[in-house]
Amino acid sequence: MEKLVEFPVYESAEAHMSTIANEDGEPAFSAENIQHAEKWIEQQMQEIDAAFRRNQSLGLMGGTAVIKRSSKDDQKYFSHDGFISGRKVGEFIGVIRGAHGYKPKMRKKVKMPHVEVAEPDTAAKA
């Protein structure tokens, strides 16, 4: 069976888009495409961070950012807090799935030791 698409294998996780070349040795991405992609990634990361912070302010923690897979995700999550309509497949839709509430357990009752306070001697002052 013939492969339709062959993806390049990288030896380094540090590879940058500008270093990826096609089979002719030409850069696979233009500088403009790279800049656009990096801006889009940064925007997605900022939106995800903002959603987790919003949940934290509501007393929720954990969960997973929902990335749109199909129009079914729009139908499934449209009533969730933070939902962003009109997103394309592969984009963050504003929802953190599986977040759960938490109550801080820092309050602890501590038994205070009994301390006797001596009354000042009035005779000593006179």
Side-chain angles (χ1 to χ4, degrees):
M1 182 173 224
E2 186 179 319
K3 288 184 180 179
L4 297 176
V5 177
E6 188 170 319
F7 294 100
V9 176
Y10 304 104
E11 292 184 19
S12 170
E14 300 296 317
H16 188 267
M17 292 170 64
S18 63
T19 62
I20 300 171
N22 61 22
E23 58 193 31
D24 299 329
E26 300 285 326
F29 301 100
S30 69
E32 185 179 315
N33 287 345
I34 293 170
Q35 193 174 33
H36 177 73
E38 288 175 341
K39 184 178 177 183
W40 179 82
I41 291 167
E42 183 65 29
Q43 178 187 1
Q44 294 291 299
M45 296 298 290
Q46 288 174 355
E47 290 177 358
I48 291 168
D49 182 62
F52 275 107
R53 289 178 188 275
R54 181 186 66 240
N55 275 6
Q56 184 181 18
S57 72
L58 297 172
L60 300 171
M61 63 183 285
T64 305
V66 178
I67 306 300
K68 185 173 179 174
R69 296 170 294 174
S70 70
S71 60
K72 289 181 182 180
D73 285 337
D74 290 334
Q75 297 165 3
K76 183 175 181 178
Y77 295 105
F78 78 94
S79 63
H80 286 68
D81 186 40
F83 176 75
I84 304 169
S85 63
R87 288 299 171 109
K88 297 176 184 175
V89 171
E91 294 182 330
F92 175 60
I93 63 172
V95 175
I96 305 297
R97 176 181 43 132
H100 57 278
Y102 70 95
K103 295 180 183 173
K105 297 182 179 179
M106 294 299 291
R107 295 182 183 146
K108 190 172 184 178
K109 292 183 179 180
V110 177
K111 187 175 181 180
M112 297 298 291
H114 178 70
V115 179
E116 291 187 27
V117 179
E119 291 294 324
D121 186 12
T122 55
K125 290 184 181 179

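Here the structure is a predicted model, which means the values were calculated and not measured.
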Same apolar cluster (I L V M F W Y, side chains within < 4.5 Å links), M45/W40: yes
Minimum heavy-atom separation for A65 and F52, please, with both atom names. N-CZ, 4.3 Å
Which heavy atom of G94 sits nearest a heavy atom of A51, and at what distance? O-CB, 4.3 Å
Would you compute the distance between atom CZ of F83 and atom CG of D73 and round it to the nearest 0.5 angstrom? 8.5 Å
Shortest non-hydrogen contact from I96 to G62? CG2-O, 3.6 Å
Output the distance between atom CD (Q75) and atom OG (S70), rounded to the nearest 0.5 Å. 8.0 Å
Correct closest heavy-atom pair for F92 and E47 would be CE2-O, 3.6 Å
Distance col, row N55:CG vs R53:CZ, nearest 0.5 angstrom, shows 12.5 Å
Is a salt bridge present between D81 and R54, judged by a nitrogen-to-oxygen distance below 4.0 Å? yes
Do you know which two heavy atoms are closest between K68 and I93, and how far apart they sit? CB-CG2, 3.6 Å
Short side-chain to backbone donor-acceptor contact, R97 and T64, under 3.5 Å: no
Under the ring-ring contact (aromatic ring centres under 6.0 Å, His included) test, which residues partner H80, sequence neighbours left out? Y77
The side-chain hydrogen bond (donor to acceptor under 3.5 Å, both in side chains) partner of Q46 among Q44, Q43, E42 is E42
